[in-house]
Every structure is written in structure tokens, then in C-alpha cells.
Amino acid sequence: NIANPVEGLLKQKLKPQITGQLLFNGEETYDLARKVWNGMIDRKPAVIVRCLNSSDVSHAINFARNHHLTLAVRGGGHSLPGYAVCEGGMVIDLSAMNKVTVDTASKTASAEGGALWSDFDKATQDQGLATTGGTVSHTGIGGLTLGGGQGWLHNGYGFTCDNLISAEVVLANGELVVANKDQNPDLFWAIRGGGGNFGVVTTFEYQLHNIGPLVLGGMILYPMEQAKKALQFYREFSMSAPDQLGMLSGLFTTPDGIPVIALAPAWFGDISDGQNVLQPLREFGEPLADLIDIIPYVQLQTMFDAAVPHGMHRYLKMGYLPALDDDAIDYILEYVSNKKSPYSIVLFNSIKGVATKRAPADTAFVHRNPQWHFDILSQWSDPQDTAQNVQWTRDFWQKIEPFTKGTGTNFLDADDGERIKTAYGENYARLSLIKTKYDPDNLFNINNNIKPSS
Ligand code: FAD
């Protein structure tokens with residue numbers, strides 16, 4: 001096969017070794033399997049290896065390494081730059097490895113590396129348990145955990161990586177190892193924030209928390225005329241509330257075309273205490289709608305899913321705001337008022353409490369200050385609109401970047417190459433040494449890459 005010179009070799013050598021599937025261009029499932037969340041990405045790998053277990057992953061890694069194939073690893077496929085898929089080369093696709101098992105006695109969950117948060121939440125919520133996970137349920141646990149991981153629960157229970165107890169990792173040499181505080185502690189440190197640079201994680205083990213099946217949460221919507229006051233209120237309220245409160249804010253256009261600002265709280269604690277805590281919020285301003293209620297946690301976890309569906313074209317800029325200055329608010333409102341697509345969203349998430357109690361060097365994830373996550377997510381469906389949406393986002397970002405301090409690897413886009421080192425911050429040098437030990441030839445490089453030290 002001239003179009004795909006490795007196809008024959010893969011069928012002859014790799015296929016008999018694995019229990020999963022090899023997918024090639026021209027086959028029915030291939031085109032679906034190469035699609036990722038960001039519709040801007042259109043890459044054709046030479047092969048997609050849909051693995052079913054660690055042994056499949058190990059054989060696939062050995063083949064890619066021995067034959068010098070570019071290697072991408074797919075968890076949930078949500079990374080903005082489309083790191084889950086490569087042009088030519090091999091994709092190790094973990095999407096069929098999505099089993100989650102819960103041990104109620106130890107309050108822990110063991111999840112395969114390709115699980116999504118929807119898989120995880122369903123299994124853990126059957127027991128009223130949860131850990132800090134993404135706020136969109138079709139995001140992968142893999143990339144999110146390895147890049148730190150924030151959500152509704154980080155103020156009360158730390159970032160996702162803080163709740164990781166142990167992991168099984170297939171290394172660049174094909175060996176399966178355990179990483180936890182006793183075994184390979186350097187690797188365990190590195191995978192809590194250092195991304196997919198060190199190997200393929202086939203199992204993540206998490207600490208769970210008893211949050212119950214119901215939470216007090218949702219959102220309150222205000223018209224844009226009240227947006228400045230609402231953001232000023234959010235600034236004070238989100239940072240002074242108890243740590244059992246997770247709180248986001250978003251600027252978006254409703255499906256019926258009304259631009260709004262949402263203040264979105266979720267209370268993890270006694271419901272009547274939560275009613276008291278949320279009272280000032282519910283009395284603030286003149287909302288268009290108060291959608292706060294006692295809801296299942298899984299409903300909270302899927303509340304934003306429809307706003308960010310698979311396949312649209314995307315471009316994102318993100319940074320941490322140590323303060324939420326009035327000047328920054330003014331710029332944000334100015335740019336939002338002339339956004340180029342009704343689907344584009346601006347998002348804030350307040351970070352405080354347990355997530356900020358660890359030292360920056362405790363885990364590879366370095367961002368431990370009380371602050372706000374801020375991002376501009378441009379979304380549009382017609383490829384012809386790409387240039388104007390990207391330009392709008394860049395202009396907007398140029399105004400806001402001076403107010404930010406650092407960024408997180410989970411929220412970098414394809415043109416953020418220079419910001420990768422900033423995102424790892426003061427932990428970069430140590431990460432680079434650990435990379436040299438576990439992946440000296442940089443086999444795992446389709447990611448926010450950490451270079452082996454020379
Ligand atoms: P993928 O693109 O599959 O993987 C991302 C990177 O991780 C790739 O380099 C991949 O090779 C590597 N990887 C994935 N799984 C493994 C594994 N098992 N072993 C080794 N390497 C692996 N982040 C948050 O922290 N909180 C949020 O609430 C949040 N919400 C989001 C909502 C949306 C709609 C989107 C698009 C992103 C969101 N993110 C959030 C960012 C998200 O954490 C990153 O995009 C992350 O990379 C997604 O992981 P994934 O497994 O889905 O993606």
C-alpha cells in the first residue's frame with residue numbers, strides 16, 4: 001500500500017499482539033475515530049490503535065518507537081490544539097478503556113485512562129461520591145487530570161491531580177509501572193501537572209468524597225446592562241464565601257439570542273447552610289432568571305455540555321487573574337459586546353481554599369494562588385468565519401493579558417508554544433529532568449511538550 005507504507009507491517013506484526021483494533025483510512029470507523037472536539041483539527045494518522053488494556057498500549061508503544069512513528073495519545077479528545085490526533089503516525093486511542101470501579105469502603109475509584117467525566121460521575125454518584133472533575137462531562141479524565149484539573153469542587157477538595165492516589169503508566173520503553181507516593185514517586189510527582197509527557201496512564205486511582213447525590217446549584221442570569229455590577233459582586237462573593245462553594249461566571253448568548261451574564265454557584269455541604277450562604281447572591285440585582293435549585297450532582301456536571309458541543313471550530317486564550325480589576329472588567333465587557341459569533345463564551349472560575357493550600361512544588365501543577373481562571377472561548381461553525389473570530393480573540397487577549405499572571409497547560413491553544421514553559425512555571429526544570437529519565441528520546445511529544453534536559 002503506497003499511500004500507507006506501514007499498513008502491511010502493522011497488520012503483520014502489531015495486529016496479532018493486541019486484543020484491540022487497528023483502524024485505517026478507508027475503513028468505516030476511521031473517520032469517526034480521528035475526529036476530536038475542536039472542529040479546526042483535521043488530521044489523518046496512518047493508524048489508530050484502539051486499545052483495550054495496558055498490554056495493547058505497551059505493544060503499540062513498542063511498535064511506534066521501533067519504527068520511528070509519530071505518536072499521539074487520545075484520552076477524551078478535548079485538547080484545544082488536537083493533541084489526541086497526529087498527521088501520519090500512530091494514535092493510541094484509549095476511548096474503549098473507560099471502565100470505572102468504585103470501592104465504597106476506602107472511598108476510592110479506579111478509572112481506565114480513556115474514561116470521560118460522564119463515565120466517572122455516573123459510577124461514583126451511584127454511591128453519592130465524587131472527586132474534583134471537569135465542568136463539562138464529555139471531557140476526558142486523562143488529559144484533565146494530568147494537566148492539574150479544576151472544577152466545581154477544587155475549593156473544597158483540591159485540584160483533580162491532588163486527589164490522584166496512584167496510577168498505572170506504560171512508559172516509552174513499553175514497561176508498565178505503578179506511580180504513587182511509594183513507587184516511582186518522581187513519576188507520581190510529574191504526572192500531577194506534567195501532562196502526557198511521561199507515558200500513557202492506563203489506570204488512574206482517585207480519592208473520593210462524600211458529597212451526596214444532591215447539591216444546591218445552578219445559575220442566575222442577568223442582562224448585560226447589569227454585567228459590570230454582577231462581575232464586581234462575583235469578585236467579592238466568590239472569594240469570601242466558604243470553601244464548600246464552587247463558583248463560576250460566564251458571559252454568553254442564550255439560545256434565543258439574549259446576551260447575558262451568569263453567576264453560577266454550587267454548594268457542597270448542608271443544604272440549609274447553603275441557602276443562607278447563597279442568600280446575598282439571590283438578592284443581588286434584578287435577574288432575568290434564578291435557576292438555582294437543589295439538583296443532582298450529575299445534572300450540575302452536565303449543565304454546560306450543550307454550550308460546547310463536539311465539532312465546532314474553536315480558538316481559546318486563557319490566563320489566571322490575581323485580581324479582577326475594574327479596568328479589566330471594562331475591557332472584557334467592551335470586547336464581549338462586539339464578539340463575532342453568538343456561540344463564543346467568556347468564563348471565570350474562582351480558585352481558593354484547599355486548591356491553594358499546597359506549595360507550588362508539591363506537585364508538578366504549580367498554580368496555587370487564590371485567583372480567577374479566565375478564558376475566552378471563541379466558537380463558530382462556518383470555516384469562513386475563522387479569521388475574524390481568531391482576530392477578535394487575539395485583540396481581546398492583548399488587552400487582558402497584562403492583567404493575568406501565568407496560564408494552565410490544560411487551556412493552551414496551538415499558537416501558545418511560547419507560553420508552555422510559563423505554564424509549568426518554576427517546576428519546569430525538575431520536570432525536564434524526570435522527562436530525561438522516563439522518556440529520553442521524547443517519544444511522547446504531541447502534547448504541551450517538556451523537553452528532556454541535555
Ligand atoms: P485529549 O486531547 O485526548 O488529551 C489531552 C492531552 O493529554 C494529550 O496530550 C494526550 O496525549 C494526553 N492524554 C490524555 N489521556 C492520557 C492518558 N490516559 N495518558 C497519557 N496521556 C494522556 N480543564 C479543567 O481542568 N477543568 C475543566 O472544567 C475543563 N473543562 C473543559 C471543557 C471543555 C469543553 C474543554 C474542551 C476543555 C476543558 N478543560 C477543562 C480542559 C481540558 O482539561 C483539556 O483540554 C484536556 O487536555 C482534555 O483532556 P482529554 O483527555 O479530553 O483530551
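All ligand and atom numbering here is 1-based and tracks the order in the structure. Quick note: residue numbers are just sequence positions, from 1. When reading the values below, keep in mind they use all heavy atoms of this one structure, side chains included, and skip hydrogens, waters and symmetry mates.
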Any ion pair linking [Y] and [X] (charged N to carboxylate O, less than 4.0 Å)?
| X | Y | result |
| --- | --- | --- |
| Asp413 | Lys317 | no |
| Asp362 | Lys357 | no |
| Arg394 | Asp415 | yes |

Near [X], which atoms of ligand 1 are under 4.0 Å from a heavy atom of that residue?
| X | result |
| --- | --- |
| Val200 | 19 (N), 20 (C) |
| Asn447 | 9 (O) |
| Arg74 | 3 (O) |
| Gly142 | 14 (C), 15 (N) |
| Ala84 | 2 (O), 3 (O) |
| Gly196 | 21 (N) |
| Gly75 | 3 (O), 14 (C), 15 (N), 51 (O) |
| Leu94 | 17 (C), 18 (N) |

Would you mind checking which non-hydrogen protein atom is closest to [atom], with the distance to 0.1 Å?
| atom | result |
| --- | --- |
| atom 47 (O) of ligand 1 | Ser79 CB, 3.8 Å |
| atom 30 (N) of ligand 1 | Thr135 OG1, 4.1 Å |
| atom 44 (C) of ligand 1 | Asn410 O, 3.5 Å |
| atom 33 (C) of ligand 1 | His78 ND1, 3.7 Å |
| atom 1 (P) of ligand 1 | Gly77 N, 3.4 Å |
| atom 25 (O) of ligand 1 | Gln150 N, 3.0 Å |
| atom 29 (C) of ligand 1 | Leu144 CD1, 3.9 Å |
| atom 11 (O) of ligand 1 | Val73 O, 2.7 Å |

(request) Would you mind telling me which of Phe204, Tyr206, Tyr297 makes a ring-ring contact (aromatic ring centres under 6.0 Å, His included) with Phe120? (result)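 So, applying the ring-ring contact (aromatic ring centres under 6.0 Å, His included) to Phe120 and each of Phe204, Tyr206, Tyr297, only Tyr206 qualifies.
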
(request) Could you point out which residue of Ile345, Asn38, Ile376, Leu377 forms a side-chain contact (heavy atoms from CB on, under 4.5 Å) with Leu316? (result)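 For Leu316, the side-chain contact (heavy atoms from CB on, under 4.5 Å) test succeeds with only one of Ile345, Asn38, Ile376, Leu377, which is Leu377.
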
Kindly indicate whether the side chain of [X], heavy atoms from C-beta on, has any atom under 4.5 Å from the side chain of [Y].
| X | Y | result |
| --- | --- | --- |
| Phe304 | Met219 | yes |
| Leu324 | Phe403 | no |
| Pro213 | Gln125 | yes |
| Leu10 | Phe24 | yes |

Sub-4.0 Å heavy-atom contact, [X] with ligand 1:
| X | answer |
| --- | --- |
| Gly151 | no |
| Gly195 | no |
| Gly148 | no |

(request) Just say parallel, tilted or perpendicular for the rings of Trp397 and Phe374, cut-offs at 30° and 60°. (result)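 Because their plane-to-plane angle is under 30°, the rings of Trp397 and Phe374 count as parallel.
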
(request) Select the closest option to atom 46 (C) of ligand 1 among Gly199, Gly82, Gly143, judged by heavy-atom distance. (result)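 The nearest heavy atom belongs to Gly143.
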
Would you kindly specify which portion of [X] sits under 4.0 Å from ligand 1, judged on non-hydrogen atoms: side chain, backbone, both or neither?
| X | answer |
| --- | --- |
| Phe411 | side chain |
| Trp37 | side chain |
| Val136 | side chain |

(request) Using the ring-ring contact (aromatic ring centres under 6.0 Å, His included) rule, collect all pairs that involve residues 53-82, keeping only residues at least two apart or in two chains. (result)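 Sorted pair list: Trp37-His78, Phe63-His67, His78-His138, His78-His310.
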
(message) Quick one, Ser238 with Phe348, criterion side-chain contact (heavy atoms from CB on, under 4.5 Å). Give me CA distance, side-chain angles, the key distance, then yes/no.
(response) CA-CA 10 Å; Ser238 64; Phe348 301 84; over 6 Å; no

(request) Report yes if Ile446 has an N/O atom closer than 3.5 Å to an N/O atom of ligand 1; otherwise report no. (result)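 Checking ligand 1 against Ile446, an N or O pair does fall under 3.5 Å apart.
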
(request) Using distance alone, determine whether Leu146 and ligand 1 share an N or O pair under 3.5 Å. (result)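 Looking only at distances, the answer is no, because the N/O contact criterion of under 3.5 Å is not met.
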
(request) Please check if the distance between the ring centroids of His209 and Phe268 is under 6.0 Å. (result)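 No, the ring centres sit 6.0 Å or more apart.
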
(request) Please name the pair of heavy atoms, one in Pro45 and one in Arg34, separated by the smallest distance, quoted to 0.1 Å. (result)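 Nearest pair, atom of Pro45 first, then Arg34: CD-CB, 4.2 Å.
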
(message) Can you list everything that forms a ring-ring contact (aromatic ring centres under 6.0 Å, His included) with Phe252? Sequence neighbours excluded, please.
(response)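 In terms of ring-ring contact (aromatic ring centres under 6.0 Å, His included), with neighbours along the sequence ignored, Phe252 is linked to no residue.
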
